[in-house]
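Some notes on the structure that comes next.
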Amino acid sequence: MKKVYPLIAAGLLTACSQSNIDSLSQAQVVSGEEKVNAANSFHYQDHHRPQFHFTPQANWMNDPNGMVYHNGEYHLFFQYYPDDTVWGPMHWGHAVSKDLVHWEELPIALYPDEHGWIFSGSAVADVNNTSGLGTKENPPLIAIYTYHNEPERLAGSKNYQTQGIAYSLDNGRSWTPYKGNPVLIGPNIPDFRDPKVAWYEPDQKWIMTLAVDDHVSFYSSPNLIDWKFESDFGIDAGTHGGVWECPDLIKMPVEGSDEEKYVLLVSINPGGPNGGSATQYFVGDFDGHKFTLDPKMKQEVSKIPAHFPEGQVFADFENDFSEWTLTGTAFSAGPVAGNYPNQGSVSNYIGKRLVNSFYKGDAATGAMTSKTFTIEQPYINLYVGGGMHPGKTAVNLLVDGEVVKTATGPNNERLEITSWDVSDLTGKDAQIEIIDRVAGGWGHINVDHIVFSNKAAHTDIEPAVWLDYGTDNYAGVTWSNVPQEDGRFLFIGWMSNWLYANNTPTDRWRSAMTIPRELQLYKSQAGYRVRSVPVDELDKLRSTTHIDSNTLVYGRTDLTRLAGFNSAQFEFNATVDAQTAEQFSIDIANAVGEKVSIVFDRENNQLVLDRRNSGKSRFHGSFAIEQFAPLDGEQSEYQITVYQDASSTELFVNNGEIVMTALVFPNQDYSKVIINSDEEIKLKSWSLHELTSIWK
């Protein structure tokens, strides 16, 4: 057993933005392909370029699409814009791998055509040639995808998203759009997209799971061409803070039993547990027509209606600002009835008027400060909307001139309920300050109905069960046609978030995929749950390795120094016996003081991934934040795995029962792993593995 003390270890440690399809010329298509071809000679050494995650050689990428295993290859298609590093008219990019780790990028698979841009979808091996688009001897691969017709959207149509198919008879190297496209037109619903198709053996038919506004619709077909509506799911289940996208219906065995259940993955943007994009899931049964939630999960994901209790109204903003001090030019002389010109429709406020700092547009800045009052009730409840710039477009509670509570908008003109627990401040003199210090996009704040109450207010509570609590795993789905003898459910996600995806600090390329993961369904005390486990194939990337055990640590302990380890991309594993420590943390750090901190806060039953000091973050106000996941603080032992690449941290706790995926952009590569604890803890086992680059 080793014992390490601080003096010994003192080393440092959505497709949302759209432009006109008419602007997509043949010249642009050609130039995009030329860019991909020119990049073939490029070595993947850009600053922040991941070394063991898939990235496009150049330009923009988002959702994984068309994931299918066929003739010894894993196909990964992806949303791709070949003419810029920001989102644009969508194509399907294409890459293949024989081992899920090393990837070869191929030419663009699908281009926009007369029906629209090529949004997300799936691909299947039509092994029985049900479509008739191949032969018995050479059955086709079929891609099923959403057409987005931008001119129709601009003309006011509600059927501008339809479903089309294309087929390949040469292992996915070339694709022919079906001449009868589109094969499915929606029922006057704008958000009608992202078909995930799978074979339903009992009824000998294909099932399409489709994202429709804020729920999922199921369709069936005998041949991938003629589709029939079956049912809807989700209007009254899960969270609906944004549009539902990229669903995936998967039949899975329950670990350790003969039972089988269906798992339904659904991505949502916004509405994630730590802001922006994320993926929720549901467990239940499917009979070929309808998805039915497991009763216990139904209880967990059912909506709890909003509640705003009565109390002492401090400010209703119906008349004037006579008891407020105004500075700057953002606020008018009094409350406004809704929205200003050139502002979106403001909603969910109380009465006829509210505070709105869009008075002179987003460019103006200013502040409003209330009279001084004494805190007498345990809660301050209010409505807040507008820009999401923490500390900059905000409502602040000031005590002795210091901010003790704060709230910001959701980047939405709809005001949402906010509640501050001020029970520990009773008897204190305070002020409320409404500030707008942002002159750019969403540079305004909306506020209404500030009430002092003895009960907390809450917005509609729509509980969800999350696949990944980090901010940067979105739109992920599973591979189809994985050989039965393999038996795994293989998953990959887009490693970004729509909050800041267009702004991340990369040059030649933008966005990466997560590492591939195996999904496993098991039953816990809480009910059915899905864990995510890094695939075994990643082990082949290990080179330099240090393995140790029974190491007692206390204070600040640099494990990389102990191991004589120095690598910019690595895998860290540890089994930690926390013993009596109420909290311990792991810093993934560099030599200039930048770090991402992983905090096991057992006292408060939460796992925290803190990237506030991780490096570059000014590209978006919501990037440098703490991210939270639930943690069972009663446990004394935790199994921890971290995969660290040039611009990402992927954390797996207790064999993937808790997962957090986060982008990071340090100015210097992280190469240190530091354990911090004010009480002695034991690393029962730990290892560091340098991971070699997948790029030649």
Side-chain angles (χ1 to χ4, degrees), residues 64 67-70 74 100 122-125 127 196-209 216 218 220 230-231 233-234 237-238 246-267 279-301 464-468 473 476-493 514-539 639 641 652-659:
M67 293 152 56
V68 60
Y69 180 83
H70 186 63
Y74 296 94
L100 291 168
S122 54
V124 297
V127 294
K196 185 66 162 69
V197 172
W199 181 250
Y200 185 71
E201 181 66 25
D203 291 352
Q204 295 289 291
K205 64 184 181 183
W206 298 98
I207 294 294
M208 176 192 293
T209 309
V216 160
F218 297 104
S220 66
E230 294 286 355
S231 64
F233 168 79
C246 303
D248 191 359
L249 182 67
I250 319 158
K251 185 180 182 182
M252 300 180 68
V254 180
E255 186 180 78
S257 74
D258 296 328
E259 188 180 19
E260 291 184 317
K261 287 287 182 181
Y262 278 85
V263 174
L264 176 62
L265 307 180
V266 178
S267 291
T279 300
Q280 60 186 323
Y281 67 89
F282 307 90
V283 180
D285 297 297
F286 184 73
D287 63 2
H289 306 282
K290 182 180 179 181
F291 180 80
T292 304
L293 271 174
D294 168 71
K296 191 168 186 178
M297 179 160 276
K298 184 176 182 178
Q299 291 179 348
E300 290 183 90
V301 299
V465 180
W466 300 100
L467 190 69
D468 190 319
N473 178 7
V477 290
T478 57
W479 266 275
S480 67
N481 204 44
V482 173
Q484 190 171 1
E485 58 270 22
D486 182 309
R488 294 179 297 174
F489 299 89
L490 300 170
F491 169 99
I492 204 167
T514 66
I515 57 172
R517 306 165 184 193
E518 177 187 354
L519 303 185
Q520 300 171 350
L521 180 62
Y522 68 102
K523 200 165 187 179
S524 69
Q525 288 185 343
Y528 295 104
R529 289 294 185 267
V530 175
R531 64 165 69 96
S532 301
V533 181
V535 296
D536 292 340
E537 286 87 340
L538 290 162
D539 292 355
Q639 190 278 323
T641 295
F652 303 83
V653 176
N654 295 342
N655 196 33
E657 293 179 6
I658 308 171
V659 183

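- Put simply, the side chain of Glu518 never gets that close to the backbone of Arg488: no donor and acceptor are under 3.5 Å apart.
- Using cut-offs of 30° and 60° on the angle between ring planes, the pair Tyr200 and Tyr262 is tilted.
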Evaluate the criterion side-chain contact (heavy atoms from CB on, under 4.5 Å) for residue pair Val533 and Phe652; output intermediate values, then yes/no.
CA-CA 8 Å; Val533 181; Phe652 303 83; over 6 Å; no

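- Of all heavy-atom pairs between Ile515 and Pro534, the closest is CD1-CB, 3.9 Å.
- The pair Asp294-Lys296 does not count as a salt bridge, with every side-chain nitrogen at least 4.0 angstrom from each carboxylate oxygen.
- Taking CD of Glu260 as the reference point, atom CE of Met252 lies at 10.5 Å (rounded to 0.5 Å).
- Side chain of Thr514 to backbone of Gly493: a donor-acceptor contact under 3.5 angstrom is found.
- Scanning all heavy atoms of the two residues, the minimum distance from Val283 to Leu293 falls at O-CD2, 3.7 Å.
- Put simply, OH on Tyr69 and CG on Asp486 are 8.0 Å apart, with the number rounded to the nearest 0.5 Å.
- Between Val263 and Leu521 the shortest side-chain heavy-atom distance falls below 4.5 Å.
- A salt bridge links Arg517 with Asp468: the distance from a Lys NZ or Arg NE/NH1/NH2 to an Asp or Glu carboxylate oxygen falls below 4.0 Å.
- A distance of 3.5 Å separates OG1 of Thr478 from CG of Asp248, quoted to the nearest 0.5 Å.
- How far NE2 of His289 is from OG of Ser231: 9.0 Å, rounded to the nearest 0.5 Å.
- Here the CZ atom belonging to Phe489 is positioned 14.5 Å from the CH2 atom belonging to Trp479, to the nearest 0.5 angstrom.
- Annotation: salt bridge (Lys or Arg N to Asp or Glu O under 4.0 Å) contacts of Glu657 (sequence neighbours excluded): Arg531.
- Heavy-atom minimum distance, Asp203 versus Gly288: OD2-CA, 4.3 Å.
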Criterion side-chain contact (heavy atoms from CB on, under 4.5 Å) on Tyr74 and Met67, from CA distance to verdict
CA-CA 7 Å; Tyr74 296 94; Met67 293 152 56; over 6 Å; no

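- A salt bridge is absent between Glu201 and Lys251; no separation between the charged side-chain nitrogens and carboxylate oxygens falls under 4.0 Å.
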Before giving the answer on side-chain contact (heavy atoms from CB on, under 4.5 Å), spell out for Lys261 and Asp285 the whole-Å C-alpha distance, their side-chain angles and the decisive distance to 0.1 Å.
CA-CA 6 Å; Lys261 287 287 182 181; Asp285 297 297; 3.1 Å; yes

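- Tyr281 approaches Val530 most closely through the heavy-atom pair OH-N, 2.9 Å.
- The number of heavy atoms from other shown groups lying within 6.0 Å of NZ (Lys298) does not exceed 12.
- For the pair Thr209 and Phe286, the minimum side-chain heavy-atom distance is 4.5 Å or more.
- Atom-to-atom distance recorded for Leu100:CG and Asp536:CG is 10.5 Å, nearest 0.5 angstrom.
- Phe233 meets the ring-ring contact (aromatic ring centres under 6.0 Å, His included) test with Phe282, Phe291; sequence neighbours excluded.
- The two residues Gly476 and Thr279 make their nearest non-hydrogen contact at N-OG1, 4.5 Å.
- Residues passing the ring-ring contact (aromatic ring centres under 6.0 Å, His included) test with Tyr528: none are found, sequence neighbours excluded.
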side-chain contact (heavy atoms from CB on, under 4.5 Å) between Leu265 and Val477: does it pass, once the steps are laid out?
CA-CA 8 Å; Leu265 307 180; Val477 290; 5.6 Å; no

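- When every heavy atom of Pro247 is checked against every heavy atom of Leu264, the shortest pair comes out as CB-CD1, 4.4 Å.
- Between the side chain of Lys196 and the backbone N or O of Ile250 there is no donor-acceptor pair closer than 3.5 Å.
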